[in-house]
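In what follows, every chain begins at residue 1, and chains take the letters A, B, ... in the order their sequences are listed.
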Number of protein chains: 4
Amino acid sequence: MGSTTMDGTKRHRRGDTHQRIQDVALELFAEQGYEKTSLREIAERLEVTKAALYYHFKTKEEILVSIFEDLTRPMDELIEWGKAQPHTLGTKREVLRRYSEALVGAAPLFRFMQENQATIRELSIGNEFKDRMLQMRDIIRDPDASLTDQVRCVSALFTMHAGMFVLQDVDGDAEEKRKAVLEVAIDLVTQAHAGPQVP
Amino acid sequence: MGSTTMDGTKRHRRGDTHQRIQDVALELFAEQGYEKTSLREIAERLEVTKAALYYHFKTKEEILVSIFEDLTRPMDELIEWGKAQPHTLGTKREVLRRYSEALVGAAPLFRFMQENQATIRELSIGNEFKDRMLQMRDIIRDPDASLTDQVRCVSALFTMHAGMFVLQDVDGDAEEKRKAVLEVAIDLVTQAHAGPQVP
Amino acid sequence: MGSTTMDGTKRHRRGDTHQRIQDVALELFAEQGYEKTSLREIAERLEVTKAALYYHFKTKEEILVSIFEDLTRPMDELIEWGKAQPHTLGTKREVLRRYSEALVGAAPLFRFMQENQATIRELSIGNEFKDRMLQMRDIIRDPDASLTDQVRCVSALFTMHAGMFVLQDVDGDAEEKRKAVLEVAIDLVTQAHAGPQVP
Amino acid sequence: MGSTTMDGTKRHRRGDTHQRIQDVALELFAEQGYEKTSLREIAERLEVTKAALYYHFKTKEEILVSIFEDLTRPMDELIEWGKAQPHTLGTKREVLRRYSEALVGAAPLFRFMQENQATIRELSIGNEFKDRMLQMRDIIRDPDASLTDQVRCVSALFTMHAGMFVLQDVDGDAEEKRKAVLEVAIDLVTQAHAGPQVP
DNA sequence: AATGAATGAGGATTCATTCAT
DNA sequence: CATGAATGAATCCTCATTCAT
């Protein structure tokens, strides 16, 4: 029942449940945290049994890992691209611009990552995530710049991550806010670049 | 037996265990997260029984609450002071300066708060903390400023919170880093102030 | 499709998978025990799905039962033969001799039976196995003999079962060990026969 | 309630529950096997909750380990003693005699060990038990004797272990049976000693 | 001021089994 | 002949909490 589609194809929507588990899980993880979200809860909301989850994923952690891998792919590609470019201010601005867009697609995941750092540190994705962040940092910052300028770069990255969520309860349309955040981030990086020239 | 002597030497100072519980708890909470830290673990590290913890605190949450209240008192006072001042750039700078110092004393707690947001949101201190942050925000930002400038202010706050931990694996002495972070934060607020004048 | 060819070459011989399941199952049962061996494990090692096992066998227990029946047929025949003979010492020796040989073919099964008695007792083959053993015992022992002599006979049987596995970590070639075990068993039965004559 | 004794001592029978858990656990382990016995079952029979078991023992395995350690102490001592004696036939007989007696006290445990070998092999006591058996074997057997004589010695040991349980459904009083088994075992060892002299 | 003993609720995970395709 | 998807029941275990002493 219910697996027949308009065109009469009685397809078994392979990946349907798989995908739905990921969706609901991310929703709940982001809402309540990883630890506080039980598999029972996920299963109930999907109207399947806990055991069904285990048919699709070997462990609770694997659910998270799979979400993470799926949603951070665009960032991986961005990092790959960024590392191949010359470390100019132009590159950095472009990276921030693209990063800002990539974040939109993975917003719930990043909100989750940000709010569950303690938990994630102990999980297998902990290091993976940290590595990605450090790679981004190394694309953005200049290790020979002043400490202050380095802080500016790190702050730029942070502003982008946090900005999106912290501003949730502020007035204004989401796309506008994204642009404002991006502007501040680009400003910070630009200042970091200008900085050393006028010591 | 015989835990008090006339001159106070070698006595189990009242509040000794109480304090030790808070210390160990915060240490573990910050390290592993609130959910992953069990009372058994805290008790074991203190070499007392779980039941002993219940002599000093009614619940696990109360341990956290008490830590929170003790460690955020300086910030409360700062907020009180800040609200009483005129909303000038000078005030804001001073607030950031003092905030930066206050953060040093409460660093593990803030690290904890930052890394356990999802958990904390469901706890009683969740709102308290959010309120404090919003009050800080309202001291720092100007609600009539452009969205971008508002982001600058929020970013200034965020930079201070995050900066301290994210920079842990970066070179340089802690006090220097604190100053660099403070500088960037003050810069951001200063720019936010300059901004509206050149629209 | 296409699993049989005219000349029988390259055909999926009927019972191929059936047989392979039994082989792998016995191997794992003997190695890890019945309870600790899951159908998932068996299926994985065969590179089929669990459901495939259910095409060939109705239950997990049935897999074991079928192995048991296949491998103990020679013993059944031996018992049939033994019961038909006169209860002389010669018969008993011959039975032991043949039993020893039969054991070689069913070694993994017997190792399994011996190491999983608690489990087997609750299974349908439990009684069957016990019955076989009692019938063997009744061929070997003389119910009117002294208790000691009866113990000798039971011990002879036991020695044969256990001997093969316990001696695994002892020096020497398997066939030699089998003969040594057989010799001791025959000795025991011989003594049991000599016993009553010299009270 | 119920913890007051005749003499008015209101003692908390420390170790009472601890001991009762061991008793019931061994009973069930021996009856149904280790795997098939769930903690729920043990708890129910004791009219406590599962969690209570975990107050007394860290894991299910630890319950078994503790039983094992308590009940095999006499054997450890016997082995210690046996190793210190000269390897004469007299010593061996004495060891068997004492072993036979020690077995009576630990009968359910040994029945359990015998019937759950597959399970035990994977548990921490597996090796401990095997070690004890090999030490016994090395006290009893002579490594330079003929293979047949070595089998005799191993068989003697085995006969003692198995004899007690296999003979359960045979006529006669328990003590008598024990003596018969012991006699056969001693005979086997004696023959092993006499053997090499007449090659 | 602290302990020993226990509980109830819930956690993740595994298993044998079923059934439509 | 075999699979993909799912279930229900059970498993071991952990946790915060309570209470008499």
Any strand: nucleotide that pairs with F:dT14 via Watson-Crick or wobble, under 3.5 Å = E:dA9
Between A:Y34 (OH) and E:dA12 (P), how many Å, whole number?
-> 8 Å
Is D:K36 positioned over the aromatic face of D:F29, cation under 6.0 angstrom from the ring centre and no more than 45 degrees off axis?
-> no
Row check, B:Y54 ring normal vs B:K60 NZ/CZ: under 6.0 Å, within 45° | no
Would you indicate which nucleotide in F:dA16, F:dT7, F:dC15 comes nearest to any side-chain atom of A:V48?
-> F:dT7
Nearest whole angstrom, please: distance from the P of F:dT11 to the CD1 of D:I42.
-> 11 Å
Counting just side-chain N and O atoms, does D:T17 come under 4.0 Å of either OP1 or OP2 of E:dA5?
-> no
d(CZ, D:F57; P, F:dC12) in whole Å = 15 Å
If you measure only the distance, is there a donor-acceptor pair under 3.5 Å linking the side chains of B:E35 and A:T119?
-> no
Atom pair distance, as rounded to whole Å: CD in D:Q32 and C1' in F:dT11 = 15 Å
Rounded distance in Å - CD1 (C:I63) to P (E:dT17) = 9 Å
If E:dC19 has a Watson-Crick or G-U wobble mate with both distances under 3.5 Å, name it; if not, just say none.
-> F:dG4
Hey, is the side chain of A:Y54 poking within less than 4.0 Å of OP1 or OP2 on E:dT14, counting only N and O atoms?
-> no
C:L39 CG to E:dT17 C1', straight-line distance once rounded to whole Å = 9 Å
Presence of D:H56 side-chain N/O under 4.0 Å of E:dA6 phosphate oxygens OP1/OP2 | yes
Toward the 5' end of DNA chain F, which comes first, C:L53 or D:S38, by nearest nucleotide?
-> C:L53
Whole-Å distance between E:dT3 C1' and B:E47 CD?
-> 15 Å
Nearest-nucleotide comparison on DNA chain F, the residue closer to the 5′ end among B:K36 and C:K50 = C:K50
Closest to the 5' end of DNA chain E, once C:A51 and C:T37 are matched to their nearest nucleotides, is C:T37
Under 3.5 Å: donor-acceptor pair, side chain of D:E61, backbone of D:S124 = yes
Phosphate OP1/OP2 of E:dA12: any A:R40 side-chain N/O under 4.0 Å = no
Among F:dA2, E:dT17, F:dC13, the one nearest C:T49 by side-chain distance = F:dA2
Is B:R40 paired with B:E44 through a side-chain N to carboxylate O contact shorter than 4.0 Å?
-> yes
Respond yes when some side-chain nitrogen or oxygen of D:Y55 is under 4.0 Å from OP1 or OP2 of E:dA5, and no when none is.
-> yes
Could you state the CG-P distance from D:L64 to F:dC12, rounded to the nearest angstrom?
-> 13 Å
Is the closest side-chain donor-acceptor distance between B:E41 and B:Q32 under 3.5 Å?
-> yes
Considering heavy-atom distances to DNA chain E, does C:K60 or A:E35 have its closest nucleotide positioned more toward the 5' end?
-> A:E35
